[in-house]
Undergrad: 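One structure, pasted below without further comment.
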Amino acid sequence: MTNDTQVVIVGAGPTGATLALLLVKRGITVKLVEASRNFRRAFRGEGLMPSGLDALAQMGLSPMLERIPHQTLDAWEFLIEGRSLFRVDEPIESGGKPCTLVSQPALLEALIDEASTYANFEFVQNAPVQDLLWRDGRVSGVKLGSGEIYADLVVAADGRNSIVRQRANLSLEQKSQSFDILWFKLADSPHFESENIFYSILQGHHAFGLFRSSEGNLQLGWALRDRDSVNWKQVDDWSEILASVSPPWLAEHFRQNAKTIDRPVLLSVVVGRCSHWYTPGLLLLGDAAHPMSPIRAQGINMALRDIIVAANHLVGLLQEAAEHTAIDAALPKIQAEREPEIIRVQQLQAQEAAQADLLEKSAFIRWGASSLAPLLRYPIRQSWIARQRQLRQGVTPVKLTV
């Protein structure tokens, strides 16, 4: 190996920044390339399930998590046609860890700040990747507007719309129908001071989720369907629309805090997997390889587990300055180890989405679920909990060995 940079990572989201720190702490020379100027995007997922918390703990990053804004969830509650269908307290598992909401911008800044204390790390910001560099049929680096970076391995961690994936002609196979979410932020409510509850609310064919974020405001995701009667681009006052499908305490909050409701951000959700997460010299990880549904925040949690498996296979080779052929031979092993869990988790997410879709489409089922809530509460609650176990804890064991 002859490159000064051993690994160039494209994308400084949770996947890229965490992997960069893990590698530089083990003596590997890394350049982390990020297209944006800062981490203050309008929306970033922030839910860490027990699987993600365990991955961070294995990487020695739990103390970092404690230093940045974070909040645990106290419960999940499902409201349908104005009535509570069921509630589940956190942590769901006896003796387990509760789902934790973390400020993703603060987490990314902390990861990069720590990585920057190592001489073998460089952060290249505000530098979109324009193309891949190739040598003898192998990816050999990335081309930026400011120049070229050659490396022994390129890791694409640039998300569901990965430019690197596109430049490598690695196709993404869509696994479920895409849909859109409108994401809102608004002022906090005293209702959440004693308990931070994640509410899933279904009223008519309108569905949304609501919770208090790690930074102290409320965040709301409104599902947009093709049949939605709301033309969101023409709405000037969202407070009345949101209030009209909310329980009284929440409707009052929307009306009283109408001026704090930011214009929503449109999130287009595509769920899929690449048949190949790699080509010689290049590895895709996280949403670049397998964009996840937002259900139970699996994007960040699965990505953290991807990182551990990738490190297990690559660190020793990179430390030993192995030949490119040895590095390339490890890439399909990473996919083979991670893919079964990704497939299963996407199946579980699809099951949950299908149930929600059925409720939205059928007024009769919604009426039955609401009217018979006292009778149906226990079996529906138990069914939901059973499905959550793998979404929360992961499907396959993942242990850091390097």
Side-chain angles (χ1 to χ4, degrees), residues 9-11 13-19 22 44-56 58-59 99 153-162 164-166 168-179 267-279 282-314 330-355 386-401:
I9 301 172
V10 180
T15 313
T18 308
L19 177 63
L22 189 66
R44 284 187 179 276
E46 57 177 44
L48 289 170
M49 294 294 165
S51 64
L53 293 168
D54 174 69
L56 290 174
Q58 290 189 53
M59 290 185 270
C99 174
L153 178 66
V154 174
V155 177
D158 52 341
R160 63 182 62 245
N161 299 313
S162 173
V164 175
R165 182 182 69 219
Q166 296 172 34
N169 292 319
L170 292 172
S171 60
L172 180 70
E173 184 180 346
Q174 192 167 317
K175 295 298 179 181
S176 64
Q177 185 177 359
S178 60
F179 60 96
L267 304 175
S268 294
V269 177
V270 176
V271 180
R273 293 190 303 277
C274 290
S275 58
H276 288 85
W277 300 12
Y278 58 89
T279 197
L282 170 67
L283 173 67
L284 311 182
L285 290 178
D287 275 351
H290 49 76
M292 311 295 288
S293 162
I295 292 171
R296 303 302 162 261
Q298 290 301 293
I300 185 173
N301 292 280
M302 291 298 104
L304 292 172
R305 291 162 70 82
D306 285 357
I307 290 165
I308 287 179
V309 172
N312 287 345
H313 285 276
L314 293 171
L331 305 184
K333 297 176 183 177
I334 295 167
Q335 177 178 347
E337 189 171 336
R338 288 298 299 139
E339 197 168 42
E341 177 168 80
I342 300 302
I343 291 171
R344 178 58 181 153
V345 166
Q346 288 184 338
Q347 288 172 343
L348 291 167
Q349 289 183 311
Q351 290 173 14
E352 196 143 319
Q355 288 192 358
R387 190 166 57 247
Q388 301 314 302
R389 288 196 176 97
Q390 290 184 331
L391 288 173
R392 292 169 61 83
Q393 300 173 32
V395 177
T396 56
V398 171
K399 295 297 178 186
L400 184 64
T401 58

Undergrad: With sequence neighbours excluded, tell me which residues meet side-chain hydrogen bond (donor to acceptor under 3.5 Å, both in side chains) with T396.
TA: none
Undergrad: Sequence neighbours left out, what passes side-chain hydrogen bond (donor to acceptor under 3.5 Å, both in side chains) with S171? Give chain and number order.
TA: none
Undergrad: With rounding to the nearest 0.5 angstrom, report the CG to CE distance, D54 to M59.
TA: 9.0 Å
Undergrad: Would you check if the side chain of Q346 reaches a backbone N or O of G272 as a donor-acceptor pair within less than 3.5 Å?
TA: yes
Undergrad: side-chain hydrogen bond (donor to acceptor under 3.5 Å, both in side chains) with Q298: which residues, sequence neighbours excluded?
TA: none
Undergrad: Looking at every heavy atom in both C274 and E339, which two are closest together, and how far apart are they?
TA: O-OE2, 4.1 Å
Undergrad: Find the distance between CD (Q58) and CD1 (I308) and round it off to the nearest 0.5 Å.
TA: 4.0 Å
Undergrad: Taking side chain as C-beta onward, heavy atoms only, is V395 less than 4.5 Å from P340?
TA: no
Undergrad: Start with the C-alpha distance between R296 and Q349, add both sets of side-chain angles, then the distance that settles side-chain contact (heavy atoms from CB on, under 4.5 Å), and finish with yes or no.
TA: CA-CA 8 Å; R296 303 302 162 261; Q349 289 183 311; 5.6 Å; no
Undergrad: Distance check, rounded to the nearest 0.5 Å: W277 atom CH2 versus D306 atom CG?
TA: 5.0 Å
Undergrad: If you compare all heavy atoms of A157 against all heavy atoms of G16, which two are closest, and at what distance to 0.1 Å?
TA: CB-N, 3.7 Å
Undergrad: Tell me the closest heavy-atom pair linking G299 and D287, and the distance in Å.
TA: CA-OD1, 4.1 Å
Undergrad: For residues L304 and G52, report the shortest heavy-atom separation together with the two atoms involved.
TA: CD1-O, 3.8 Å
Undergrad: Evaluate the side-chain proximity of L170 to L284: yes if any heavy-atom separation is below 4.5 Å, no if none is.
TA: yes
Undergrad: For E341, check salt bridge (Lys or Arg N to Asp or Glu O under 4.0 Å) against everything at least two apart and list the hits.
TA: R305, R338
Undergrad: Does a side-chain heavy-atom distance below 4.5 Å link R165 with D158?
TA: no
Undergrad: Using atom types as modelled and distance alone, determine if a side-chain donor or acceptor of R160 lies under 3.5 Å from a backbone N or O of P291.
TA: no
Undergrad: At what distance, to the nearest 0.5 angstrom, does CG of L283 lie from CD1 of I9?
TA: 10.0 Å
Undergrad: Run the salt bridge (Lys or Arg N to Asp or Glu O under 4.0 Å) test against R387 and tell me which residues pass, sequence neighbours left out.
TA: E352
Undergrad: Do L331 and L314 make a side-chain contact, defined as non-hydrogen atoms from C-beta onward lying under 4.5 Å apart?
TA: yes
Undergrad: Closest heavy-atom contact between L391 and M49?
TA: O-CG, 4.0 Å
Undergrad: Without swapping roles, check the side chain of N301 against the backbone of G47 for a donor-acceptor pair under 3.5 Å.
TA: yes
Undergrad: Are any side-chain N or O atoms of Q335 and backbone N or O atoms of S275, one a donor and one an acceptor, separated by less than 3.5 Å?
TA: yes
Undergrad: Can you tell me how far apart CD1 (I300) and OG1 (T18) are? Round to the nearest 0.5 Å.
TA: 7.0 Å
Undergrad: How many angstroms lie between CZ in R344 and CG in L348, if you round to the nearest 0.5 Å?
TA: 4.0 Å
Undergrad: Any idea which heavy atoms bring A288 and A156 closest together, and the distance?
TA: CB-O, 3.6 Å
Undergrad: Any pair with a residue in residues 388-397 that passes salt bridge (Lys or Arg N to Asp or Glu O under 4.0 Å), sequence neighbours left out, goes on the list, sorted by first then second residue, please.
TA: E90-R392, E93-R392
